[in-house]
Amino acid sequence: MKRSRTGAADVAASLRREITEGDMRRNDRLPAERDLAQDYKVSRGTIRRAIDRLKNERLVETKRGSGTYVRQEVGENSASALFQNARPLELVDARFALEPHICRLAVLHGRRSDFADLEELLVRMESSANDPIVFAETDRVFHETLARATGNLLLNWMITNVNRVRHQEEWRKMREATLNRQTILHYNAQHRRILNAIRAREPESAAALMKDHLETARLSLTRAAAT
């Protein structure tokens, strides 16, 4: 937990990943707020907001005078093996099955705070056209934040776990082969249209735009795999 973060959404995503991947297990105590703030180089207020997100997702609970503890254990060894062996194209196909409808639900259930988080992440992606690593990590958080905007804990869990494939070595190689400035600019334009449609409360338009975005990503991966 030594990576520098800038927002509550980022800190929550990092802590959530540690829980879902089994690095923190049921009844484990989270580090104190001051220690987390130092690790992530953010204020204690940011840490509190991140922990509040995890509480809303029922991943953690705070015990007065004791601290914050992992409430449920999500990761399993069998699931870890599955994600380790999944291919990048399988990741995109799984996202095809989930994310267009996630856009519809985000239109119905998304809150102003969700849209503010998505805007913050999108601005960061738009400023990272020359940094594929920062873009890729922020892109992952963007899509996970979109899933959380649905208010559906199961969809949130599914997207977070599907995205674990992005930690594979094969995914890293594909990222290096496909992400350049032109591609990132194109992805960012698609992200912007998706977020605009969600904010405009246009569920079918948002779903269609997400399909277009994922089709672009799949085509890029297919071409890279063929070279």
Testing the basics here: between [X] and [Y], what is the closest heavy-atom pair and its distance to 0.1 Å?
{"X": "T46", "Y": "A8", "result": "CG2-N, 3.5 Å"}
{"X": "T150", "Y": "A106", "result": "CG2-N, 4.0 Å"}
{"X": "F115", "Y": "R201", "result": "CE1-NH2, 3.6 Å"}

Pairing of [X] and [Y] as salt bridge, 4.0 angstrom limit:
{"X": "R25", "Y": "D28", "answer": "no"}
{"X": "R192", "Y": "E119", "answer": "yes"}
{"X": "E33", "Y": "R48", "answer": "yes"}

| message | Show, in sequence, the C-alpha distance, side-chain angles and deciding distance for E99 and K211, and conclude whether the salt bridge (Lys or Arg N to Asp or Glu O under 4.0 Å) test is met. | response | CA-CA 8 Å; E99 294 201 51; K211 288 180 182 178; over 6 Å; no

| field | side-chain contact (heavy atoms from CB on, under 4.5 Å) between E137 and V141, intermediate numbers included | value | CA-CA 7 Å; E137 175 64 9; V141 177; 4.2 Å; yes

Could you see if [X] belongs to whatever hydrophobic cluster contains [Y]? Use Ile, Leu, Val, Met, Phe, Trp, Tyr and a side-chain cutoff under 4.5 Å.
{"X": "Y69", "Y": "L36", "value": "no"}
{"X": "V123", "Y": "V11", "value": "no"}
{"X": "L121", "Y": "L185", "value": "no"}

| query | Between R140 and N163, do the side chains contain an N or O donor and an N or O acceptor separated by less than 3.5 Å? | reply | no

| S128-D131 side chain donor-acceptor pair, cut-off 3.5 Å |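 No - no donor-acceptor pair under 3.5 Å links their side chains.
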
Check whether any side-chain N or O of [X] sits under 3.5 Å from a backbone N or O of [Y] as a donor-acceptor pair, and report yes or no.
{"X": "S127", "Y": "R124", "result": "yes"}
{"X": "R218", "Y": "V92", "result": "no"}
{"X": "N161", "Y": "M158", "result": "no"}

| said: Please verify the inter-ring angle class for H143 with H191; under 30° counts as parallel, over 60° as perpendicular, anything in between as tilted. | reply: perpendicular

| query | Counting only heavy atoms not in E202, do more than 12 sit closer than 6.0 Å to its CD atom? | reply | yes

| field | Audit row: I198, L146, side-chain contact (heavy atoms from CB on, under 4.5 Å) steps and yes/no | value | CA-CA 10 Å; I198 291 173; L146 186 58; 3.4 Å; yes

| field | Given V60, L30, L59, the one that forms side-chain contact (heavy atoms from CB on, under 4.5 Å) with M24 | value | L30

| request: List the steps, then state whether side-chain contact (heavy atoms from CB on, under 4.5 Å) holds for M125 with D139. | output: CA-CA 7 Å; M125 283 190 288; D139 173 68; 3.8 Å; yes

| field | With sequence neighbours excluded, residues passing side-chain hydrogen bond (donor to acceptor under 3.5 Å, both in side chains) with Q190 | value |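 For Q190 the side-chain hydrogen bond (donor to acceptor under 3.5 Å, both in side chains) partners, ignoring immediate neighbours, are H213, T216.
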
| task | Under the side chain to side chain donor-acceptor pair (under 3.5 Å) rule, what do S14 and Y40 come out as? Steps first, then yes or no, please. | result | CA-CA 10 Å; S14 179; Y40 287 101; 3.0 Å; yes

| query | After noting the C-alpha distance and the side-chain angles of H109 and N152, does the key distance pass the side-chain contact (heavy atoms from CB on, under 4.5 Å) rule? | reply | CA-CA 9 Å; H109 304 297; N152 186 307; over 6 Å; no

